[in-house]
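Read through the structure below, which is laid out as structure tokens, and then see the notes.
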Amino acid sequence: NAGVMQNPRHLVRRRGQEARLRCSPMKGHSHVYWYRQLPEEGLKFMVYLQKENIIDESGMPKERFSAEFPKEGPSILRIQQVVRGDSAAYFCASSPGPGEKLFFGSGTQLSVL
Amino acid sequence: SQQGEEDPQALSIQEGENATMNCSYKTSINNLQWYRQNSGRGLVHLILIRSNEREKHSGRLRVTLDTSKKSSSLLITASRAADTASYFCATDVQGSQGNLIFGKGTKLSVKP
């Protein structure tokens, strides 16, 4: 049973480009969460999705950021027109239900040049 | 605003000693969880304690929860160098959609 898979592991973008981060949850998990972590900081909640639905996006910046979890395929976190301040580690986690323990992926380290 | 706050921010001990980390939170919760993160890696779940529980054990880990003080502690007994990592508490807030809110973490260093 594979764990939570995130790709790419490292992503380098120039300012103004788009970044797409992918997350495949654990088998049987329909709840996906995205978090952002800056160096030496804790995780900041971004968005919580179930299949085809956004449950809570209260942590998402209002502009340039979007997330989806389609019926088929991985969850995607999309950042348009990236800026240097978007550089961070982005972690995806999945769970079998709300409020239960999370299983984390290894993260995507986004670097914006 | 931050829901969970760990204390201390950093802790350095010798192998064999016990390590205690504390977490305080602000609002009522359904459960509180502790996670561990090795540098540059994803988080690993350690233990979950529900709001109606006061203490829980798992191997060398002991977690307590005091809902009246809105605080929890994580005790690691007989620490090992391999326990070196950052430890985070996370709360499932009552009335929320089920997403977890993480604290800033305690960085534990266990010297051999």
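Per chain, numbering begins at 1; letters A, B, ... match sequence-line order. For the numbers below, each heavy atom of this structure counts, side chains included, while hydrogens, waters and symmetry mates do not.
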Open item on the list: Please determine whether the number of non-hydrogen atoms from other residues, nucleotides or ligands lying under 6.0 Å from atom CD of Glu63(A) exceeds 12.
Closed with: no
Open item on the list: When you group the ILVMFWY residues by side-chain heavy-atom contacts below 4.5 Å and let the links chain together, are Tyr35(A) and Val47(A) in the same group?
Closed with: no
TODO: Determine which residues belonging to residues 46-59 of chain B lie within contact range of chain A, meaning some heavy atom pair is under 4.5 Å apart, and list them by number or answer 'none'.
DONE: Leu48(B)
- [ ] Spell out the residues in residues 53-61 of chain A that have some non-hydrogen atom less than 4.5 Å away from a non-hydrogen atom of chain B, in order of number; otherwise answer 'none'.
- [x] Ile55(A), Asp56(A)
Open item on the list: Is there a path of hydrophobic side-chain contacts, each under 4.5 Å between heavy atoms, that joins Leu43(A) and Leu77(A)?
Closed with: no
Task: Phe69(A) with Tyr90(A), same ILVMFWY side-chain cluster at under 4.5 Å - done: yes
TODO: Check whether Ile79(A) and Ile76(A) end up in the same hydrophobic cluster, where Ile, Leu, Val, Met, Phe, Trp and Tyr are linked by side-chain heavy atoms less than 4.5 Å apart.
DONE: no
Open item on the list: Counting only non-hydrogen atoms closer than 4.5 Å, can you tell me which residues of residues 102-113 of chain A sit against chain B?
Closed with: Leu102(A), Phe104(A), Gly105(A), Ser106(A)
Open item on the list: I'd like to know if Phe45(A) and Leu21(A) are part of one continuous hydrophobic network [Ile/Leu/Val/Met/Phe/Trp/Tyr, side-chain heavy atoms within less than 4.5 Å].
Closed with: no
- [ ] Would you indicate whether Arg80(B), at its atom CZ, is surrounded by more than 12 heavy atoms from other residues, nucleotides or ligands within a distance under 6.0 Å?
- [x] no
Open item on the list: Within the supplied structure, the quantity of interest is the number of heavy atoms (other residues, nucleotides, ligands) at a distance under 6.0 Å from Arg64(A) CZ; does it exceed 12?
Closed with: yes
Open item on the list: With a 4.5 angstrom heavy-atom cut-off, is it the side chain or the backbone of Asn30(B) that approaches chain A, or both, or neither?
Closed with: neither
Open item on the list: Can you confirm whether Arg9(A) is buried at CZ, in the sense that more than 12 heavy atoms of other residues, nucleotides or ligands lie under 6.0 Å from that atom?
Closed with: yes
Task: Contact origin within Gln9(B) toward chain A - heavy atom pairs under 4.5 Å - done: neither
TODO: Please collect all salt bridge (charged side-chain N to carboxylate O under 4.0 Å, His left out) contacts where either partner lies in residues 65-77 of chain A, sequence neighbours excluded, each pair once.
DONE: none
Task: Spacing of Lys101(A) atom NZ and Leu100(B) atom CG [to the nearest 0.5 Å] - done: 12.5 Å
- [ ] Write down the atom of Phe91(A), the atom of Gln37(B), and the distance for their closest heavy-atom approach.
- [x] CZ-NE2, 3.6 Å
